[in-house]
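The next block holds one structure in the form of structure tokens; read it before the comments.
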Number of protein chains: 2
Amino acid sequence: MATISTLGYALLCALHRGPLTGYDLVRKMRRPIGYYWTARQSQIYPELGRLSEAGLIAHESSPGPGPRERKTHRLTDAGRAALAAWLVEPPGDRAPRDEIVLKTYAQAAADPVEMRAFYLREAATYQELLDEFTRQHTELAANGGDSTSHPEFGAYATLELALIHYAGRVRWCSWLADRMGDRVTSPPPEG
Amino acid sequence: MATISTLGYALLCALHRGPLTGYDLVRKMRRPIGYYWTARQSQIYPELGRLSEAGLIAHESSPGPGPRERKTHRLTDAGRAALAAWLVEPPGDRAPRDEIVLKTYAQAAADPVEMRAFYLREAATYQELLDEFTRQHTELAANGGDSTSHPEFGAYATLELALIHYAGRVRWCSWLADRMGDRVTSPPPEG
DNA sequence: TTGCTCATGTAAGAAGTTACATGATTCA
DNA sequence: TGAATCATGTAACTTCTTACATGAGCAA
């Protein structure tokens, strides 16, 4: 049997609340799911084909706006079972690739004044995201999404992590901007 | 001129403190740099060739232990300048791919008892990482790494973020494990 | 009449993973 | 004698990105 890629499971996740077209999935993989799992259109359509072949999803066709048929995909029983089994498996440790941390590691090779400006900009960018997610979080909570019995509790829980995440980033970038100030006033021994 | 990939810059970052062999870089891309940027051996050796062709690094050869020569790579002036320029550029937003957040989004499709055990295991895993990074952080601080003039300040600053990051994850997973308890006692309306 | 949204797909290439290949030295 | 470390590289494959291609309906 063909093994399902994480992208495949991401699509099953996106379908767990009900049927969607490929195009709906393309949009979902931008936001909200795109906040923590992204895929492009060119990846999604072939993957839907593979999931269908594996019997995890099925679709109904209707006339589309363009030259091709519109397909509405849904989880099959096998798909729902595969998803349920995958959800409770420990995540395989993915390679972390975080550009800002990489830059911080080699921070000494850059000019401290420019580096300070860099961290101030990054702090502001993270703050904007934090504000936006805070707004979404508040709105969802007001609609009862903070209750485990609410269908959007999963989305609410991901927002909880986003708040923790971005608040931490803002704090860290601000701290580093501050520290770059030290580097300006007391440069390394060699001058 | 050929554009340098992020992997290329990661290698320049790794070389910013002094010359290293390809093998040294392979180890660095596991740890400590591997904590925030990973690459395999089969990616690193060809990339070194490209950086060399671009004039950003140069190497000296010496007899190696095996059938091939041992090469010690170092940044050229052009390489150091390219690195300094890249460091202060805003990071391009990379596609986030976080399996545990994806699973949380679709959490309702899994059994709450199993899901609770899942989050407890994840909390414990993150706690172990937090303990290890706390140990490293304390050790580096004791050696003066917390000062911006210290050559390992960059590594120290990355550990600062690691502590923020993993402490947040432990808190979030513990909270979710708790909430899965709610799901057990009050299941969704449909039963 | 130009551009956006809906809607589905393919092609070419870059980036990343897994596996193979060689061979000396050191340690248990 | 068998495994680990040092040391460099290639081949085959999967995954992901960028770009192309079609065409209806709608709004400025």
Side-chain angles (χ1 to χ4, degrees), chain A residues 2-11 14 19-31 33-34 36-54 57 59-73 92-99 102, chain B residues 2-11 14 19-31 33-34 36-54 57 59-73 92-99 102:
Chain A
T3 52
I4 309 303
S5 68
T6 308
L7 168 62
Y9 285 112
L11 295 178
L20 296 170
T21 67
Y23 193 73
D24 290 333
L25 287 164
V26 169
R27 277 180 307 181
K28 278 225 172 193
M29 297 311 269
R30 284 201 288 257
R31 111 199 84 86
I33 295 180
Y36 36 88
W37 204 274
T38 323
R40 303 300 171 105
Q41 184 170 328
S42 58
Q43 264 185 291
I44 291 169
Y45 286 103
E47 188 65 36
L48 285 171
R50 284 188 285 270
L51 290 172
S52 194
E53 248 186 279
I57 61 172
H59 67 262
E60 276 164 32
S61 296
S62 54
R68 289 196 190 81
E69 287 191 308
R70 178 188 138 105
K71 296 176 187 171
T72 303
H73 305 271
D93 39 326
R94 278 224 137 215
R97 287 199 173 95
D98 197 332
E99 207 174 304
L102 181 59
Chain B
T3 51
I4 310 302
S5 67
T6 309
L7 168 62
Y9 285 112
L11 295 178
L20 295 170
T21 66
Y23 193 75
D24 290 333
L25 288 165
V26 170
R27 276 180 308 180
K28 278 223 171 192
M29 297 312 270
R30 283 200 289 256
R31 113 200 83 87
I33 296 181
Y36 35 89
W37 205 274
T38 323
R40 303 300 172 106
Q41 186 170 328
S42 59
Q43 264 184 292
I44 291 168
Y45 285 103
E47 187 64 36
L48 285 171
R50 284 188 285 270
L51 291 172
S52 194
E53 249 185 279
I57 60 172
H59 67 262
E60 277 164 31
S61 295
S62 55
R68 291 196 190 80
E69 287 189 306
R70 181 187 136 106
K71 294 176 186 173
T72 304
H73 305 270
D93 39 323
R94 277 225 137 215
R97 287 200 174 94
D98 197 332
E99 206 175 305
L102 181 59

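Note that the structure is a prediction, hence the values are computed from the model and not measured. Numbers restart at 1 for each chain; the letters A, B, ... are given by sequence-line order, proteins then strands.
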field: Earlier contact from the 5' end, DNA chain D, for A:T6 and A:P65
entry: A:T6

I need the [X] [atom1] to [Y] [atom2] distance, nearest 0.5 Å.
| X | Y | atom1 | atom2 | result |
| --- | --- | --- | --- | --- |
| A:E47 | A:L7 | CD | CG | 4.5 Å |
| A:H59 | A:E69 | NE2 | CD | 7.5 Å |
| A:Y36 | A:M29 | OH | CE | 9.5 Å |
| B:R70 | B:E60 | CZ | CD | 11.0 Å |

Kindly give the heavy-atom pair with the smallest separation between [X] and [Y], and that separation in Å.
| X | Y | value |
| --- | --- | --- |
| A:G22 | A:H73 | N-CD2, 3.8 Å |
| B:V26 | B:Y45 | CG2-CE1, 4.1 Å |
| B:G8 | B:L51 | O-CD1, 3.8 Å |

Phosphate OP1/OP2 of D:dC6: any B:Y23 side-chain N/O under 4.0 Å: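 Looking at the OP1 and OP2 atoms of D:dC6, one of them is under 4.0 Å from a side-chain N or O of B:Y23.
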
field: Phosphate-side-chain proximity, A:R70 and D:dA24, N/O vs OP1/OP2 below 4.0 Å
entry: no

Closest listed nucleotide, where the reference is the side chain of [X] and the choices are [options]:
| X | options | result |
| --- | --- | --- |
| B:R27 | C:dT17, D:dT8, D:dC6 | D:dC6 |
| B:S5 | C:dT17, D:dT17, C:dA15 | C:dA15 |
| A:L7 | C:dT8, D:dC16, D:dT8 | D:dC16 |

Spacing between [X] atom [atom1] and [N] atom [atom2], to the nearest angstrom:
| X | N | atom1 | atom2 | answer |
| --- | --- | --- | --- | --- |
| A:E69 | C:dA7 | CD | P | 14 Å |
| A:R94 | C:dG16 | CZ | P | 11 Å |
| B:L25 | D:dT8 | CG | C1' | 13 Å |
| B:K71 | D:dC6 | NZ | C1' | 16 Å |
| A:M29 | C:dA7 | CE | C1' | 18 Å |
| B:L20 | D:dC6 | CG | P | 13 Å |
| A:R97 | D:dT17 | CZ | P | 12 Å |
| B:R68 | C:dC20 | CZ | C1' | 12 Å |

- request: Mind running a 4.0 Å heavy-atom check of residues 37-48 of chain B against DNA chain D and sending the residues that fall below it, in number order?
  value: B:Q41, B:S42, B:Y45

field: Salt-bridge criterion met for B:E53 and B:R50 (N-O under 4.0 Å)
entry: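 No.
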
query: DNA chain C: B:R50 or B:P67, which has the more 5' nearest nucleotide?
result: B:R50

task: Please name all residues satisfying ring pair (Phe, Tyr, Trp, His ring centres under 6.0 Å) with A:Y23, sequence neighbours left out, ordered by chain then number.
output: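 For A:Y23 there are no ring pair (Phe, Tyr, Trp, His ring centres under 6.0 Å) partners, ignoring immediate neighbours.
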
query: Touch check for B:G22, heavy atoms < 4.0 angstrom, all strands: base, sugar-phosphate only, or nothing?
result: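 Sugar-phosphate contact only.
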
- prompt: Quick one: which of A:T6, A:I33, A:I44, A:L20 gives a side chain to side chain contact (heavy atoms under 4.5 Å, CB included) with A:L11?
  reply: A:I44

- prompt: So what is the end-to-end bend of the helix from C:dT1-D:dA28 to C:dA28-D:dT1, with 5 pairs used at each end and the value given to 10 degrees?
  reply: 30°

